[in-house]
Amino acid sequence: MSRFFITTPIYYINAEPHLGHAYTTMVADAVARAHRLMGDDVFFLTGTDEHGQKVERAAQKSGEGTVAFADRTAQKFRDLLPALNISNDDFIRTTEPRHFAASQALWRLVRDRGFIYKDRYQGWYCTVDEVFVPEKQLVEGRCPLCNSVVEKLEEESYFFRMSAFQQTLLAHYRQHPEFVTPDHRRNEMLAFLEAGLDDLSISRTSFTWGIPVPDDPAHVMYVWFDALTNYMTAVGYGSDAPEQQQRFAHYWPADVHLIGKEIVRQHAIYWPAFLLAAGLPLPKRIMSHGWWLMEGAKMSKSKGNVVRPQDYVQHFGLDAVRYFVFREMVFGQDANFADDAILTRYNADLANDFGNLASRATTMIHRSCGGVVPAPDAALLEREPERALRSTLDRVVPAVRALVEEFQLSAALREIWEVVAASNRYIVVREPWKLAKSGSAQELHTALFVAADTLRVIAELLRPFMPDTGERTLAMLGVTPSATAWVDLRAGTLAPGGTLGTTVPLFPRIEHSVEELRLMADDTTQGAVPQTPAPSAPAQAPAHAPAPAQAAIPATTEAPKIAIDDFMKVELRTAKVLTAERVPKSSKLLKLFVDTGIDQRTIVAGIAEAYEPESLVGRTIGIVFNLKPAKLMGIESNGMVLAASAEGQKPILISFGDNPPPPGSRIR
RNA sequence: GCCGGAGUAGCUCAGUUGGUGAGAGCACGCGUCUCAUAAGCGCGGGGUCGGCGGUUCGAAUCCGCCCUCCGGCACCA
């Protein structure tokens, strides 16, 4: 069993989490899960980068303390993890004490070995943007960003003697061609190295939100020195505790730093230079992926085309989104995120090919074999379609393993779908429904066994990519998931005599366009907060209910019983409607302004089809008082109106009669 | 500007060291089964392989020039 330490970048908390962050984290998750299934001792790290002037300023602007701001914004990234079913082993924040200790330890080490010196940092400073502008970028002596006049400024700074490592790094690149992937990024880094390295300014005195430089607290470490060190902090670097030192010895160096292409240099040059200076081992691989483009354009806030993964998770379910991003992006290249592409992938690959296969294979065993895995006939297994299918598996399983190790998730899924297609073809050739009527029992049992056995291998192969789907498919087959299922994964290992679970539709076809789905979701869901997927709950209805008609009404009534305490967490109160108006471009939403007795607030409610706005003014309604705010059609809604909605019917508000209680009365 | 990628069917892309008549998926058309989520399976149409020129018995694949797009040299998954 080998050790596998994989990291994502730590995400800078100055931005909102978006598809880019989600993608990096999901890729790392899939690879980490695959290594666990292969029996490796995996450590999977992600976290947040919280220091620097940008954060300090954003915190000032927000009026919170810097610490409170960092806590709140870091939490947004942390919240993304369960929503994406991420199996990280640790979540590191650069503001944690352990990270201060590690960063300062690394600094001291590098300093004591003679690679840090103090000098003056001199440059052109733009007082408007508050940044140093490199001389080359000046436009006629003015700031290229805001066109204001820059001034020459000097600041005392510590410098890292990066220039000392050019030759060592070049040698390392030559000895380890796999160090930077993909190749064209490696070539870029080689070009950068050959051009020569400048020493790097690694401290600042112009702000204080950072890790103090040891023995000179007027300086804080400049962002990358502190940030990159996180990879060692999390495995125990800088700690005095013996068990932490052992952990560090065990897990360092990292096997993979997974990053986006925009931070290759920091990881492929700065970071190894720091480590060389400290005399510490270098990470084995820097793997960099491309960007997600929207309609061919880079995502950016100003273009308003930032993809929020939660929206798609809501429409298609988490596993479908994971499948899409893995399948669609060739590692290292940019890829397009298009609504119709994800819908096509969903219906063609997940619903038609795989979901339907799982459904037909298990249903036939329920019908013809009483839901028990039949025993195959050894001689019949040696006939042609069976042998061919088996050899497909023999080829695909190791291929998938190898591809995942190289982060070729798209190709790996393509291989798995070869098996899906082969399995569908096998069923057509053997026609078990005919065998059930007139064929021999041995032939029927063999065909159904092979179908189920193949499905089981597919389910195991899918687990890193779509953990929930893999386990639900195994549950349909009555197979208990094993933590190391990939160690000896092959055809013919499904145990005859096992009892199948219930067949459930894994990916119901979606007949609506994405635009329709989006409108429905906007009108019917009250929270933009992504659903936390129920981990391994095999027998339940689809956790993510992609069918939009079900969005307003739970598909089943099998909700577990709750205690009175749980109920009392929900503050139901009366409120009086002050104003009501239609939300433009929405067929179902009304914007209400209500008096809750405690405050006055806006609530958006999906009742426009049932009530005229005017009829509501002055009326007393029931609301959920302490619901998290959510944005619906761009309007922040603070609470939720209580109304009964029978399936297919318009909602009816809870009524308090002619003599209603005062606003703010608790409902229980 | 310098360096590096990419331009192949309507769409997204495979095509190692030049050589059986240029491929896959999706979409589209036709056929077919009925176990299955109106899913599956089979067949089919469609491409001057960015342009021009060259090397060669033979080039999408090598060379030169040109056009277009993208990236690195300068922040951001």
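Proteins get letters first, then strands, A, B, ... in listed order; numbering begins at 1 in each. Quantities reported herein were computed from a predicted structural model and do not represent experimental measurements.
The side chain of A/R265 contributes an N or O atom lying less than 4.0 Å from OP1 or OP2 of B/C73.
Nucleotides B/U48 and B/A9 place their C1' atoms 13 Å apart, quoted to the nearest Å. One C1' atom belongs to B/G18, the other to B/G54, and the distance between them is 15 Å to the nearest Å. Remark: the separation of the P atoms in B/C62 and B/G25 is 27 Å, to the nearest Å. Distance noted for atom P between B/C49 and B/C73: 36 Å (whole Å). Straight-line distance between the P atoms of B/C33 and B/G42: roughly 15 Å, to the nearest whole Å. Only the C1' atoms considered, B/C11 is 15 Å distant from B/G7, to the nearest whole Å. Rounded to whole Å, the C1' atom of B/G31 lies 24 Å from the corresponding atom of B/G23. Spacing between B/C13 and B/G51 at atom C1', rounded to whole Å, works out to 22 Å.
Listed by chain and number, the residues in a salt bridge (charged side-chain N to carboxylate O under 4.0 Å, His left out) with A/R414 amount to none (sequence neighbours excluded). A/L435 is linked by a side chain to side chain contact (heavy atoms under 4.5 Å, CB included) to A/E443, A/L444, A/A447, counting only residues two or more places apart in sequence or in another chain. For A/M189, the side chain to side chain contact (heavy atoms under 4.5 Å, CB included) partners at least two apart in sequence or on another chain are A/Y173, A/V264, A/R265, A/A268, A/I269.
Pairing of B/C2, defined by two Watson-Crick or G-U wobble distances under 3.5 Å, is identified with B/G72. Pair assignment for B/G25 gives B/C11, based on Watson-Crick or G-U wobble hydrogen-bonding distances that are each under 3.5 Å. Of the nucleotides present, B/G31 is the one that pairs with B/C41 by Watson-Crick or G-U wobble criteria, both distances under 3.5 Å. B/C65 is paired with B/G51 under the Watson-Crick or G-U wobble criterion, all donor-acceptor distances under 3.5 Å.
A 4.5 Å side-chain heavy-atom check between A/L506 and A/M476 finds at least one atom pair inside the cut-off.
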Letter by letter from the 5' end, nucleotides 28-41 of chain B scores (B base, S sugar-phosphate only, - none; protein heavy atoms under 4.0 Å) -----SSBBB-SSS
Going 5' to 3' through nucleotides 7-17 of chain B and flagging B where a protein heavy-atom sits under 4.0 Å of the base, S where only the sugar-phosphate is that close, and - otherwise, we get -------S---
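Distance, A/K261 NZ to B/G4 P: 18 Å, rounded to whole Å. Across the protein-nucleic acid pair, A/Q266 atom CD and B/G72 atom P stand 12 Å apart, rounded to whole Å. In this structure, CE of A/M189 is placed 10 Å from P of B/A74, rounded to the nearest angstrom. Taking atom CZ of A/R327 as the reference point, atom P of B/C26 lies 10 Å away to the nearest angstrom. Look at CG on A/L190: it is 16 Å from C1' on B/G5, rounded to the nearest Å. A/F192 has its CZ atom 13 Å from the P atom of B/G72, to the nearest Å. Across the protein-nucleic acid pair, A/H18 atom NE2 and B/C76 atom C1' stand 9 Å apart, rounded to whole Å. Atom NE2 in A/H267 sits about 11 Å away from atom P in B/C76, given to the nearest Å.
Remark on RNA chain B: of its neighbouring residues A/N187 and A/Y23, the 5'-side contact belongs to A/N187, judged by nearest-heavy-atom nucleotide.
For A/W417 (side chain) and A/D349 (main-chain N/O), a donor-acceptor pair under 3.5 Å exists by modelled atom type.
Remark: the A/Y426 side chain and the A/E386 side chain contain an N/O donor-acceptor pair separated by less than 3.5 Å. A/R360 and A/N424 share a side-chain donor-acceptor pair at under 3.5 Å. Residues A/E50 and A/T95 bring a donor and an acceptor atom of their side chains to less than 3.5 Å of each other.
A salt bridge is absent between A/E188 and A/K261: the closest approach of a Lys/Arg side-chain nitrogen to an acidic carboxylate oxygen does not fall below 4.0 angstrom. At a threshold of 4.0 Å, the pair A/D29-A/R322 counts as salt-bridged, since one of the basic side-chain nitrogens sits closer than that to a carboxylate oxygen.
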Hey, can you pull the donor-acceptor pairs under 3.5 Å for the side chains in residues 221-228 of chain A, sequence neighbours left out?
| unit_1 | atom_1 | unit_2 | atom_2 | d |
| --- | --- | --- | --- | --- |
| A/D226 | OD1 | A/H99 | NE2 | 2.6 |
| A/D226 | OD2 | A/H51 | ND1 | 2.7 |

